[in-house]
Amino acid sequence: MHLSTSLLNAQISPGKLSKQHSHLEGINNCTQCHTLGEAVSNEKCLNCHSLLNERIKANKGFHASSEIKGKDCFSCHSEHHGLKFEMIRFDKKTFEHSKTGYELKGAHKRQDCASCHKDERIQNSEIRKLERTYLGLSSQCNSCHEDVHQGTLSNNCNNCHDFEHFKPASAFQHNKTKFPLIGSHTSIQCNECHQVEVKNGKTLQKFSGIKFNSCVACHKDVHHSKYGNNCNACHQETSFNKLKSKISFNHNLTGYALEGKHKVLDCRSCHDSRNNPSKQLHEFSNIPTINCIDCHKDPHDGKFGTNCKDCHNQESFRVAKYLDNFNHSLTNFPLTGKHLTIDCRKCHTKNMTDPIPHNECMSCHQDFHQGQFSIQKEKKDCHLCHTTESFKLTLFSLEQHQVSNFPLEGAHQAVACNECHWKENKWLFKPISTQCTQCHQDIHINYMDRKYYQPNECQSCHQNEAWNKISFDHTITEFSLDGKHLEVQCSACHFKVNENEKIEQTFNNLNTKCSGCHENIHGTQFEIEGITDCKRCHTSQDWNPRLFDHNLARFKLEGAHLKLECKSCHLPVIESEKNVTLFRNGKLDCKDCHL
């Protein structure tokens, strides 16, 4: 018995689909939404609802919010509840619109959803085809509201307006524009500068494109461009008739450039209605050449003429210039070196014409050397060693040092002056010791017998050319050097590195026997009463046994024996864990070596 198709569908389907999905009715369409053996797949939902899927991928809108992300579609939008079932259900009064990415503020909060969500405001034509949707609205103000500025200002209306009322533009701050309002500008009505005109058949108040780079863009120039267009140089925005106390007006335009202190003077200090000017600030218009004495009293009573600038500058009357125009060479003291840069008042503490002592440097300068050179019969002045270019430079030469109590020789000629003459943070020239230990440490004290060098007489061994050049006469000691010993560095015998890797000096009580420095490679073969005398065979010329005569030994060499090498008969043996060549081997008969 076969069941009818309608009866079979009734047994499988849990109920009718909603109107929006009614086109999917029928057992053949189940897999459009369902995966066999599993729940409804989000992937299949979003394959159909592709426009919503695009917004989720772009992390936009309510479905991309933390509240929805990660949920299954069917947890909010269930099906099979009948043709009239509303799949999209939410409480409009409690819905948090901020989760869509657009928070409702001010008047927007009081609007009904339908007043904004209208089909004609949907920009995407594909979304507009949907029968019922909340997608597709722009967050730009001009997508819902008319742009009364007709594109002359930014699309970001929030820069000026709030969400409560379009007028007034409560968020607008004129001080954040390129023309902040100050002074009298703050009391002017907006339309005095921002004119209203008709554009595209509609009224438009002009806020952009207004010229404000100079005052004359709005105001009439009463000076007829005689002083330029920078009105702010003299005038204030509180009132045109009120001048600044410190004017930045370009005074060069008047023919008299302001310099130094004149730049910071209040204009009224000079423009004080003198000479009965016909107009304000024109007190000097009738004077062809303006001189200092027109305003200032001449303290020199005309002795130096009227051109004060020859000696003074306009920074301060008491601050002299470098006096390029004053010929100091006409005086008894021509200026050279550093004296050219000194303020005149450093020397001329009173009147410029008062005579001052100048015969010696110390007439003005303190004796830096504190009398070190005054102990001589003839007192020497600073100029004998120093110049006016710099006190640090000196004329004292190497040739002069050679005729002093300490002529410089060898390496001393390359030593900087301060190495010897800078002591305890001051220069010391006289008196100064000429002993070596004044500058150099005596490293041999308590190590070397004083009879070989007197105190401070390093020259007994060392030379000025270099410290490591030694010229000591070793014949005065108990061990005269000859042969190879003459080529050995002193340190090889007299300086030893101890177990702590420190160098120790040894000059006294040295062992003068060969074994004191050299290893006895013969062991005990040649000992006489426990002592091996190397000099019986060897000299200090080299290690070869030049004094050994085999004919004086117990085995005289004859015939073919004369051609043999020593090692052919004298073989090495182990003695006290060392290899020792056996010379006294006891082989005196032929049979001892030959079979």
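Nothing fancy with the numbering, it's 1 onward along the sequence.
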(request) Please round to the nearest 0.5 Å and tell me the distance separating atom CD of Gln195 and atom CG of Leu204. (result) 12.0 Å

(message) Quick check for you: to the nearest 0.5 Å, what is the distance between His262 atom NE2 and Tyr256 atom OH?
(response) 5.0 Å

(message) Salt bridge check, Glu519 against Lys578: does any charged N sit closer than 4.0 Å to a carboxylate O?
(response) yes

(message) Evaluate Ser65 against Thr100 for side-chain contact (heavy atoms from CB on, under 4.5 Å), listing each step before the verdict.
(response) CA-CA 7 Å; Ser65 66; Thr100 66; over 6 Å; no

(request) Look only at the side chain of Asn500 and the backbone of Lys502, and say whether a donor-acceptor pair between them is shorter than 3.5 Å. (result) no

(message) Ignoring hydrogens and geometry beyond distance, is a side-chain donor-acceptor pair present between Glu504 and Asn498 at under 3.5 Å?
(response) yes

(request) Using distance alone, with no hydrogens and no angle criterion, decide if His149 and Thr152 have a side-chain donor and acceptor under 3.5 Å apart. (result) no

(message) Which label fits Phe391 and His386: parallel for a plane angle under 30°, tilted from 30 to 60°, or perpendicular past 60°?
(response) parallel

(request) Report yes or no: does Glu103 contribute a side-chain atom to a donor-acceptor pair with the main-chain N or O of His97 at less than 3.5 Å? (result) no

(message) Is it the case that the side chain of Asn520 and the backbone of Gly523 share a donor-acceptor pair, with hydrogens and angles ignored and the cut-off at 3.5 Å?
(response) yes

(message) More than 12 heavy atoms of other residues, nucleotides or ligands under 6.0 Å from CD of Glu120: yes or no?
(response) yes

(request) State whether the side chain of His235 and the backbone N or O of Phe240 hold a donor-acceptor pair below 3.5 Å, judged by distance alone. (result) yes

(request) Please answer whether the main-chain N or O of Glu86 pairs with a side-chain N or O of Arg89 as donor and acceptor at a distance below 3.5 Å. (result) yes

(request) Tell me, with the steps shown, if Trp427 and Asn418 meet side-chain contact (heavy atoms from CB on, under 4.5 Å). (result) CA-CA 8 Å; Trp427 288 98; Asn418 61 292; 3.5 Å; yes

(request) Please step through side-chain contact (heavy atoms from CB on, under 4.5 Å) for the pair Phe62 and Glu96, ending with a clear verdict. (result) CA-CA 9 Å; Phe62 176 67; Glu96 296 184 37; over 6 Å; no

(message) Checking Gln150 against Asn200: is there a side-chain donor and acceptor pair closer than 3.5 Å?
(response) yes

(message) Take a 6.0 Å sphere around CD of Glu43 and say whether it holds more than 12 heavy atoms from other residues, nucleotides or ligands.
(response) no

(message) One thing to verify: whether Glu126 and Lys129 come together as a salt bridge, which I'm taking to mean a side-chain N less than 4.0 angstrom from a carboxylate O.
(response) yes

(request) Evaluate whether atom CD of Gln441 has more than 12 neighbouring non-hydrogen atoms of other residues, nucleotides or ligands under 6.0 angstrom away. (result) no

(message) Using side-chain hydrogen bond (donor to acceptor under 3.5 Å, both in side chains), reason through His81 and Ser78 one step at a time and then give a plain yes or no.
(response) CA-CA 8 Å; His81 297 295; Ser78 60; 3.1 Å; yes

(request) Would you confirm whether Glu575, through its side chain, and Thr581, through its main-chain N or O, come within 3.5 Å as a donor-acceptor pair? (result) no

(message) Does either side chain, that of His34 or that of Thr31, offer a donor lying less than 3.5 Å from an acceptor on the other one?
(response) no

(message) Has Asn230 got a side-chain atom pairing as donor or acceptor with Cys215's backbone, closer than 3.5 angstrom?
(response) no

(message) Distance check, rounded to the nearest 0.5 Å: Asn291 atom CG versus His296 atom NE2?
(response) 11.0 Å

(request) Step through the shown structure and confirm whether more than 12 heavy atoms of other residues, nucleotides or ligands are within 6.0 Å of CD on Gln140. (result) yes

(message) For Gln111, is the CD atom crowded, meaning more than 12 foreign heavy atoms sit under 6.0 Å from it?
(response) yes

(request) State whether the side chain of Arg121 and the backbone N or O of Leu137 hold a donor-acceptor pair below 3.5 Å, judged by distance alone. (result) no

(request) For Glu192, look at atom CD and say whether over 12 heavy atoms of other residues, nucleotides or ligands are found less than 6.0 Å away. (result) yes

(request) Identify the residue among Phe179, Phe172, Phe207, Phe212 that makes a ring pair (Phe, Tyr, Trp, His ring centres under 6.0 Å) with His194. (result) Phe207

(message) What I want to find out is whether Lys202 reaches Glu146 closely enough, with some N-O distance under 4.0 Å, to be called a salt bridge.
(response) yes

(message) Any carboxylate oxygen within less than 4.0 angstrom of a Lys/Arg side-chain nitrogen, looking at Lys16 and Glu79?
(response) no

(message) I want to know whether Tyr134 and Phe90 have ring centres closer than 6.0 Å.
(response) yes

(request) Output the distance between atom SG (Cys218) and atom NZ (Lys211), rounded to the nearest 0.5 Å. (result) 10.5 Å

(request) Could you grab the distance from atom CG of Asp162 to atom NZ of Lys167, nearest 0.5 Å is fine? (result) 14.0 Å

(request) For atom NZ of Lys19, decide whether the heavy atoms of other residues, nucleotides or ligands shown that lie under 6.0 angstrom number more than 12. (result) no

(request) Keeping the roles fixed (side chain from Ser50, backbone from Asn47), state whether a donor-acceptor pair exists under 3.5 Å. (result) no

(request) Please lay out, stage by stage, how Cys308 and Gln314 fare under the test side-chain contact (heavy atoms from CB on, under 4.5 Å). (result) CA-CA 10 Å; Cys308 306; Gln314 297 184 53; over 6 Å; no

(message) Using modelled atom types and a 3.5 Å cut-off, is there a donor and acceptor pairing between side-chain atoms of Asn42 and backbone atoms of Cys73?
(response) yes

(request) Find the distance between NE2 (His412) and CD (Glu419) and round it off to the nearest 0.5 Å. (result) 11.0 Å

(message) Taking NZ in Lys338 as the centre, count heavy atoms belonging to other residues, nucleotides or ligands within less than 6.0 Å. Is the count above 12?
(response) no

